[in-house]
Amino acid sequence: MPELPEVETMCRGIAGCVGLRIAAAALPRGRVRPIATVPRPAVLVKRLVGRTIAVVFRRGKRVVMEVAAAGDAPLWLVIEPRMTGLMLVTEPPSAEHVRLELCLHADRGSATERLLFWDQRGLGTIRLLDARGLERACGAAKLGPDGLVVTADDLAFRLGRSRRAVKVALLDQRAVAGIGNIYAAEILFRAGIDPRTSCRRLSRDAWERVAASTRAILAEAVRHEGSSIGDETYQTAAGAPGRFQKRHRVYGREGRPCGRCRVPIVRIVQAQRSTFYCPQCQCRHPKRRPCPR
DNA sequence: CGTTCAACCTGGGCGC
DNA sequence: TGCGCCCAGGTTGAAC
């Protein structure tokens, strides 16, 4: 589920936790298996308690919280929501899938907050890392430039000689960080590019369109607080659904008419994952040149 | 280098 | 009702 816009929305939704101290931490074990943590759960909890959440930010599809302790080196709590993970400051959809619970208190005053990481499928991960670990997990070798600011130069440099299909390449987090299956489809629709096109066959103009579409689609999705689709497991930290799913032009729309040319949207499989596109608007030799947006 | 497949999990939907 | 199968927003590692 969570791609860049959803994770960005989660980070904004938990920004109120900055400045609060972790009074208690728990990794509840319900009927579901415990989630993967680094270090082991008991050590993780011990190291977290007493620290203060100093900064919350996003790196690609990860939520990163800098946790500080007076007179001690900072640590970073790195959470990867993967498919169904959510950061919540409200009641979770179910109690048994709460994977991390932080009880937060203000040092002065009475402000308190309960911050949860909830993950139905349990594919998410929780890591508490030092500066070296953070660099290894989230550094430039692991994650490329952020999708909100990626340029045509970035993409052409990293992918221009690749033989991979452009849609598959856009999911490579080392090339550009934050794009997932929904937004890869929406980006290429907006750019008017066939998702099967080999990267090395894309012109400079095509990379310009891909980069501009990436920034525009992701920014628009952030403005609409992400996409809640299907069973609607995704929600903001305050429990509201996202709204960008109403603006999807191709994702999840197999067989329905393209909003621009009325030709039915097609679903194919690339790298074991669904790709949706318009065979007319995203054709290499369209009868009518697509008019982006 | 690239692709393919399985694995990690839960749960909804569908055909029989 | 129930069972088996397919599907799902992600990532990783092994095999080819």
Side-chain angles (χ1 to χ4, degrees), chain A residues 1-10 29-38 58-63 78-87 92-99 117-127 136-138 141-144 147 158-187 195-201 217-218 221-222 224-236 241-245 247-248 250-255 267-276:
Chain A
M1 164 204 331
E3 307 182 29
L4 184 153
E6 291 77 25
V7 179
E8 176 67 24
T9 302
M10 289 178 204
R29 47 176 69 243
R31 62 179 180 82
V32 294
R33 283 194 169 193
I35 205 164
T37 69
V38 172
R58 176 185 59 76
R59 187 75 179 93
K61 301 176 191 174
R62 292 146 202 211
V63 178
V78 179
I79 295 181
E80 272 190 66
R82 300 270 177 106
M83 294 291 268
T84 51
L86 299 174
M87 302 301 301
S94 67
E96 74 264 32
H97 297 104
V98 173
R99 311 290 182 159
F117 176 56
W118 179 92
D119 185 2
Q120 179 178 91
R121 285 173 71 177
L123 298 176
T125 64
I126 300 170
R127 285 178 287 183
R136 230 177 314 153
C138 298
K142 202 82 172 186
L143 298 174
R158 282 152 214 273
L159 300 174
R161 286 169 303 285
S162 168
R163 308 174 107 90
R164 284 189 291 177
V166 60
K167 189 271 187 167
V168 175
L170 286 178
L171 297 177
D172 183 346
Q173 302 300 299
R174 289 167 308 186
V176 49
I179 299 174
N181 213 33
I182 294 176
Y183 297 107
E186 297 299 320
I187 286 163
R196 300 166 297 181
T197 312
S198 168
C199 287
R200 68 203 313 231
R201 295 195 61 248
I217 289 287
L218 295 177
V222 169
H224 290 87
E225 301 190 300
S227 303
S228 295
I229 59 179
D231 51 10
E232 305 240 332
T233 57
Y234 167 71
Q235 52 182 260
T236 69
R243 303 179 305 280
F244 192 71
Q245 67 281 2
R247 305 174 101 89
H248 290 176
V250 288
Y251 184 85
R253 300 181 61 83
E254 180 183 16
R267 181 180 86 96
I268 61 173
V269 173
Q270 295 179 286
Q272 279 60 60
R273 311 191 67 191
S274 291
T275 297
F276 299 89

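Every chain is numbered from 1 and lettered A, B, ... according to where its sequence line falls, protein lines coming before strand lines. Every value quoted in this text rests on a predicted model; they were computed, and no experiment measured them.
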**Message:** Using whole Å, what does the distance between atom C1' of nucleotide B:dG11 and atom CD of A:Gln120 come to?
**Reply:** 6 Å

**Request:** Give a yes/no on whether any side-chain N or O of A:His97 is located under 4.0 angstrom from OP1 or OP2 of B:dC9.
**Result:** no

**Prompt:** So which nucleotide from C:dA8, B:dT10, C:dG10 ends up closest to the side chain of A:Arg267?
**Reply:** C:dA8

Restricting to nitrogen or oxygen on both sides, can you table the protein-nucleotides 1-4 of chain B pairs closer than 3.5 Å?
residue	atom	partner	partner atom	Å
B:dG2	OP1	A:Ser162	OG	3.4

**Asked** Could you give the CG-to-P distance, from A:Leu218 to C:dG9, as a whole number of Å?
**Response** 16 Å

**Message:** Has A:Arg267 got a side-chain atom pairing as donor or acceptor with A:Glu254's backbone, closer than 3.5 angstrom?
**Reply:** no

**Message:** Quick one about A:Gln270 and A:Thr275 (side-chain donor to acceptor, distance below 3.5 Å, no hydrogens or angles considered), yes or no?
**Reply:** yes

**Asked** Taking atom types as modelled and ignoring hydrogens, do the side chains of A:Glu6 and A:Tyr183 form a donor-acceptor contact shorter than 3.5 angstrom?
**Response** yes

**Fill in**
Rounded to the nearest 0.5 angstrom, the CD1-CD1 distance for A:Ile217 and A:Ile182 is 11.5 Å

**Prompt:** Expressed in whole Å, how much space separates the P atoms belonging to C:dC3 and B:dC8?
**Reply:** 23 Å

**Prompt:** Among B:dG11, C:dA8, C:dT12, which is the nearest nucleotide to the side chain of A:Arg121?
**Reply:** C:dA8

**Request:** With heavy atoms under 4.0 Å as the rule, sort A:Thr84 into base, sugar-phosphate or nothing.
**Result:** nothing

**Request:** Ignoring hydrogens and angles, tell me if any N or O in the side chain of A:Arg174 forms a donor-acceptor pair with the backbone of A:Val176 under 3.5 Å.
**Result:** no

**Whole-Å gap separating C1' (B:dT10) and CG (A:Leu86)** = 14 Å

**Request:** For DNA chain C, just give me the dot-bracket, please: Watson-Crick or G-U, both distances below 3.5 Å, ( ) intra-strand, [ ] crossing earlier pairs, | paired with another strand, . unpaired.
**Result:** .|||||||.|||||||

**Prompt:** In terms of ring plane angle, is the pair A:Phe244 and A:His224 parallel, tilted or perpendicular, where the classes change at 30° and 60°?
**Reply:** tilted

**Message:** When the C1' atoms of B:dG2 and C:dG9 are compared, how many Å lie between them, rounded to an integer?
**Reply:** 25 Å

**Message:** Any base atoms under 4.0 Å from A:Tyr183, or only sugar-phosphate, or nothing? Heavy atoms, all strands.
**Reply:** nothing

**Request:** Taking atom P in both C:dT11 and B:dG11, compute the distance separating them and give it to the nearest angstrom.
**Result:** 22 Å

**Fill in**
Between the CD1 atom in A:Ile35 and the CZ atom in A:Arg82, the distance rounded to the nearest 0.5 Å is 9.0 Å

**Distance-only donor-acceptor test, A:Arg273 side-chain atoms vs C:dA8 base atoms, 3.5 Å** = no

**Asked** Hey, is A:Asp172 close enough to A:Arg158 for a salt bridge, meaning N to O under 4.0 Å?
**Response** no

**Prompt:** Is there a donor-acceptor contact under 3.5 Å linking the side chains of A:Thr84 and A:Arg121?
**Reply:** no

**Complete:** Atom CE of A:Met83 and atom C1' of C:dT12 are separated, to the nearest Å, by 14 Å

**Request:** Using whole Å, report how far CD of A:Glu254 lies from P of C:dA8.
**Result:** 10 Å

**Message:** Is A:Lys142 close enough to C:dT11 that one of its side-chain N or O atoms is under 4.0 Å from OP1 or OP2 there?
**Reply:** no

**Message:** Among A:Glu3, A:Lys61, A:Met10, which residue satisfies the side chain to side chain contact (heavy atoms under 4.5 Å, CB included) criterion with A:Pro81?
**Reply:** A:Met10

**Prompt:** Base, sugar-phosphate, or nothing: which does A:Gly180 touch, judged by heavy atoms less than 4.0 Å apart?
**Reply:** sugar-phosphate

**Message:** Whether A:Ser274 contacts C:dA8 is assessed here as follows: a side-chain N or O lying under 4.0 Å from the phosphate OP1 or OP2. Is that the case?
**Reply:** yes

**Item:** Donor-acceptor under 3.5 Å (A:Arg59 side chain, A:Leu143 main chain)
**Value:** yes

**Message:** Rounding to an integer number of Å, can you tell me how far A:Asn181 CG sits from C:dG10 P?
**Reply:** 6 Å

**Asked** Could you state the OH-C1' distance from A:Tyr234 to B:dT10, rounded to the nearest angstrom?
**Response** 20 Å

**Prompt:** DNA chain B: A:Arg82 or A:Glu96, which has the more 5' nearest nucleotide?
**Reply:** A:Arg82

**Message:** From CG of A:Leu171 over to P of C:dG9, roughly how many Å is that when rounded to an integer?
**Reply:** 10 Å

